[in-house]
Amino acid sequence: MLRRVLIANRGEIACRVLRTLKALGIGSVAVYTFEERNAPHVALADEAVLLRGAPPTAAYLDAAQLVEAAQRSGADAIHPGYGFLAENAAFAQRVAEAGLIFIGPDAAVMRLMGDKIRAREFARAQGVPVAPSVLAGADAAEFAASAAAIGFPLLIKAAAGGGGKGMRLVRATTQFAESAQLAAAEALRYFGDGRIYAERYIERPRHIEVQVLGDGSGRAVHLFERECSLQRRYQKIIEESPAPHLAAATRAALCAAAVRLAAAARYRNAGTVEFVLAPDGTFYFLEMNTRLQVEHPVTESVLGLDLVALQLELAGGAALSLRQEDLVPRGHAIECRICAEEPAHDFRPATGRIGVLRVPAAPGVRFDGGIAEGQAVTPAFDSLLAKLIACADTRPAAAARLQRALQELVLLGVPSNIDYLARLLALPAFLAGELHTGFLAEHAAELLPSADTPHAAAAVLAALLGDDDFRRTAWAVPEPHASIGAWRN
Amino acid sequence: MLSRVYVDEREVEVGIRARRPQLLVRLGERDYAVDDFVIAGAEFSLRVDGQPLSGWWYRRGEELQIRLAGRTYSVQFTSHAKSAAATARAHEVRASMPGVVVAVHRAVGDVVAAGDALLTLESMKLQATLVASHAARVAVLHVAAQSVFERGALLVSLAAAEDA
Amino acid sequence: MRPLQSAINTGSAEFHRRYVHNKALAAQLHERQRAARQQRPARDLERLASQGKLLPRQRLERLLDAGTPFLELSTLAAGMAYGGESPAASCITGIGVVSGREVMIHADDPTVKGGAWYPLTIKKMVRALDIAIENRLPVVHLCDSAGGQLQLQSALFPDRYMAGRIFRNQCVLSKAGVPQLALVFGHCTAGGAYIPALSDYNVIVRGTGAVFLGGPPLVKAATGELVSADELGGCDLHTRTSGTCDYPAVDELEALAIGREIVAQWQRPQKLWSPEQPTEAPLLDADELYGIIPDDIKQTFDMHEVIARIVDGSRFHEYKPAYGTTLVCGFAHLFGYRIGILANNGILFNDSAIKGAHFIELCNQNDTPLLFLQNITGFMVGREYEAAGITKDGAKMIMAQSCSHVPKLTVMCHGSFGAGNYGMCGRAFDGRLLFTWPNHQIAVMGGEQAAGTLVEVKLRQLQRDGASADPGALAQLRAATLAAYEEQTSAYYSTSELWDDGILDPVDTRNALGIALAAALNSAPLARGNGVYRF
C-alpha cells in the first residue's frame, strides 16, 4: 500500500488526485511554482514543495527536480497526472531507478505506445484493426507514391507525438509533398523526432476510446468506451459515456480489441485505447495513451468507480481485483471542459483573475476544478480550468442536467467557454447524437451567440449601475433639477 | 460622460432620460425604467420595467462582467478621460533632476512592457530606476553608463511597440 | 393651504384674443432665441469644424449631466445692439448641473467674430459671476475667445464694472471658497488669459488651446519676435514648463471628460434651507397664462391666476387678504421650498405699500425667500395720497425690501414703471435673478404718460416765453417720444441691455424659478437688520 504520493502536476488533475488520496488516508505532496503558491492544490496537500522553473511549465518537465522533491518529502510514489511527463518513458524509468513507484505503466510499455509506428505494428499483431498506412522512408517520391496507393484523403502524422502536432490532412497528390515536409519539420520541432507516416483518413469519423486497467501480469479489463468526437483542432471539448448510437456488436468488438492489446502488452495501471470509428461501423486503432485521461470522470460516473483509487491500488502492487462480468455501466454521463478562452475570437486563450466562482450543487452534477476565487489565470499553463460532469439515467436527461448546471455556474473575471458549451448542449444535432470529429466546425454558425437576448438590456443596466460614475450621474443630481429633467428655456 | 458602452463588443448608446419618478435609462432605441438596484458582494438585483432580476457581477478595470439568466455579458465602458494617461505617456523619458547614469538596462530595439526597468540613475546620493510607463520599443538611448545629465535632459526615446 | 380656484372663463372672446396674442409673442421669443443661438454664417461654422473644434453648444451639452435642465440667462443680450453683430452677446451663460453639482457656466462663442468680447459680452460675463458670488455657485468657464473688441475698448476696459470686474469677481469667488474650472478650447488672450489663470483648476486642449498675455501679432509688433500661438502659449508649454495650466487634453471630448471629473471632486454644498415638503405640480394649467396676460400694457389681470399656475399644487396662503388688495401677499411652495410672494393687482396705495412692507418683514422673520411678480404702473399720485403719506409708505416698502436678508427673485410679468419698480425689487435691489415675459415693458413712466408730460412741459415753457404753440411741432414731439419709448421700453431692449437675466416664455416660469431658488439657497445666510423706517 502506498503511504505518501507526490503529484507531479497542478490544477484540476492535482486536486482530483488529492481528493482520492485524502479519502484513502494516504499522505500527499504537492508541487508548485512561485506564481501558483496560492493555488488550491497547494493547500489541499499535506505538504507542498516549491519548484524552480522559467517558464513555469519547465518546472513540471524537470524530472530531476521532481524526483528530488519526492525523495526529500519522503514520498514513495509519484502520480504524473496527464500532460507534462505523464507519458515520458525516461521519467518513468528515472522514478523507478530512484526507488520510487511511478503510478502508471512501466517505461518499456510507455516507449512502445509512445512510438506511433511501433504501436500500430503491435496492435496489428494482436489482431486489432489498423488503418492502412505507410511509413516515410528516405525517398520522398516513394513515400508519396505509396501514400497515393492507400488512397486520398490521407492524414500525415508524426510517429513520436500526437495532439494534432505534426499532423496534416492531404486531399490530393499535389498537396502531398509540401504537407509531408511541413509535418516532418513540425514533428521534429515538437517531439525531437521527424519521422512521419501517412494513414487513410476517414471522413466524418467518430473518436471512440476504451478505458482499460491491467495489473502487469497480462490480466486486463476494460471499463467500456467513451465518445470523444466533439473536438476542435484535436482538443476534446465534450466527452461522454456510453457512446450514443453504437451497435452492441461494435461496442463489444472495440472493447475486446482494447483488452486484447492491453493484455498482450502486459499493461499495468490505467490506460486508454483510442479508435477511429467510420460511419460504416468499421474501426481502426489510433493510439494508446499510457496515462489517466482528462475525461476519466464519465467512466467513473457510469460505473460508480474511483479510477485514481484503482491506479493507487495497482501501483501498490495489487492484482487486478475487478472482474469484467461485474462491470455493468448504468445511465449516461457527459463531461464538458471549461477553458479560459474567448469563443468569439476564434477561441484564443484568455487571461485574467478568477473574480467570482460559484459552483452549482445539484444531484448528478460533479465539478472537478483546480481554481479558486482570486487566482490569476496566466498564459503560463494551458487553458483548462475545470470539468463539469453530469450523470443521469438517459442521455437527454444528462444533457439537460449538464446544460442547467452550466447556466448556474458562475465564473467571472476571465473569459470562458461556459456559454458556448451551454449552446452546444442544446443543439438539436447534439441531442440527436449525430456526432463526428467535424461536428463543431460544421455547426459553428449555429453555435454563435445571439446578439439580443431578452436580458441583454438588463445586463447592461446592471453593469451601468455597478459603475460608480454612472450611479452618481443617475442618482446624485439634486432637486429640483432631477424632477425637472431635460428642460431648456 | 458615459455616452457609450460596448456590450460583447457591440456599441450601445446610453442616455439618462429622466430621474423622477423612476430612473429611465435609454439604451440604443429604447427606454428602460430601473429601480430597486441592490449590490451585495458579488451579487446584484434590480427591477427593469417592473421585472425583478438578479445575477452576479465582477469588475475588471474598464470592463464589467455580468452573469444574468445563464449567460455572461461583457460590458466595457468608454471614458474619454482615460486617454489622459495616454497623453501623459511620453515617448520621451526625461530626467526630473540632474544626475549620473548608473546602469542602462535595455538596448536599442528591445521591446519593453509597462514596468520594465530602463535606466538606473543617481541624483543627490539617491538611486532611482526609471521604468517604462507603457509597452513600447526602445528607439534611441541618449545616454550611456556614467553619462552626466541635466534636469529635463532627454534620456530615452520610445516608439510604439508595433513598429517592427 | 388650499388650492386657488380659477375665475378665468377660457371660452370668452377676451381670453381667446389674449391667448392668440401671447402665443404669438412666445413664438416670436423662441424664434429670436433660436436665431441668436444657432444662426451663424456658414463660413464661421466651417472654420470651427476645420479646426477640429466643437460648437459651443455641443460643448455645453456634453458638459452637462444627461437628462438635467439648463437655465440659460440673457439669451438675447446685445440683440438690439451693435447692428446685431453679437448675437447672445457672443457668449452663453446659465445654471446647469455637472456631475451632480449646480454650477454657473460661462462659454465663449467662437462662432461670433471669433468669440471677441463686446462691451455687452463683458457685462453679461460680469453678471454671471455676480450671480455666482451671490449664490455661491461654482463656475465652469469654456474659454475660446479672440479677446476684447479693440474698436470698442473704451466701453469695455477702463471702468469699474468692465473687463477688470471679471477677474476681480473670480478672485472674490475663490476667496469665498467657491471653486472655478476653466476649460481652454481656444485662445485666451490678454485679459482673457486671466480667466484660466484665476480659475482654481484648468484644462487645456492640445493644438487649439492657448493662453498668453500677448498673442503672436502683438508679440511681433512689440518685440519683432515671430512665434506661433502654440509655441507661445500652447498646451505643452503651460502644462509642462510654466505650470499655468493643470491638465493637458488630447481633444475637446477629453477636456470635457476631465472637467466633469474635476467637478465631481468638489464638495456638495449645504443648502441654506431644505424643502419642507415633496414637490407637487400646479393643479391649474400654465398654458392658460397666454389667455390671462392682457394684450395691452395698460390693462391689469388678476395675479392670483398667475400664482396658481406657478406654485406647488396651486396652493396659496394669502396674507391680509382684505386689506391693501392691490398688492397680493402670501405664502406658497415652489418645488417643496416655502416662498413668500408679492404680486401687483393694481397700483400701489398707502395700504398696499405698508402691507407689503409688513409682509416682507414677516418673510425675513420666517427665513422665507421672496418672489416678486411685477405688473406695476406706479404708486398712486395726487394730493390726498401725498397728505396721507404715500411717499413715506412707499419708502417703508423700499426700505423693507432692500434690507431683506432672504434671497429675492423677481419676474416682470407685464409693466414695470416708475417707483413701483423699486418697491417690487427691480434690478437695482440685488434680487438673485430677475426675469421678464415677452409682453413686458419697462420705463420710468408709460410712453403715453411721458409724451403727455413732455408736451405739457413744452406748452408751459412756450407760455412762459410768450410764444405760440405749433400743433405740428407738438405732434412731432409726441410722436418722437412715443417712438423712442416704444423701442426702449420693450422686453427685448431691456434684455439686450442686460437689465434682466432673460425673457421667459410664461409657461417656463415655474421651472426657471425652481432652478433659481435652488441656486439661491446655496448661499450663506446674510446679516439681518433694517434701516430706519420713516413712519
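Letters A, B, ... mirror the listed sequences (proteins, then strands); counts begin at 1.
For CD of Gln270(C), the number of neighbouring non-hydrogen atoms (other residues, nucleotides, ligands) closer than 6.0 Å is 12 at most. The 12-atom threshold is not exceeded at CD of Gln267(C), counting heavy atoms of other residues, nucleotides or ligands nearer than 6.0 Å.
For the pair Thr473(A) and Arg260(C), the minimum side-chain heavy-atom distance is below 4.5 Å. Between Val97(C) and Pro478(A), the closest side-chain pair of non-hydrogen atoms falls below 4.5 Å. Under the 4.5 Å side-chain criterion, counting only non-hydrogen atoms from C-beta, Thr68(C) is not in contact with Trp487(A).
With a 4.5 angstrom heavy-atom cutoff, Leu64(C) touches chain A only via side-chain atoms.
Within residues 507-517 of chain C, the residues that have a heavy atom under 4.5 Å from a heavy atom of chain A are Asp508(C), Asn511(C), Ala512(C), Gly514(C), Ile515(C), listed by number.
The backbone N or O of Glu72(C) lies less than 3.5 Å from no partner atom in the side chain of Arg488(A), so there is not a single donor-acceptor pair.
A salt bridge does not link Lys271(C) to Glu479(A): none of the charged nitrogens lies less than 4.0 Å from a carboxylate oxygen.
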Checklist entry - side chain to side chain contact (heavy atoms under 4.5 Å, CB included) between Asn489(A) and Phe70(C): does it pass, once the steps are laid out? => result CA-CA 7 Å; Asn489(A) 60 318; Phe70(C) 179 65; 5.5 Å; no
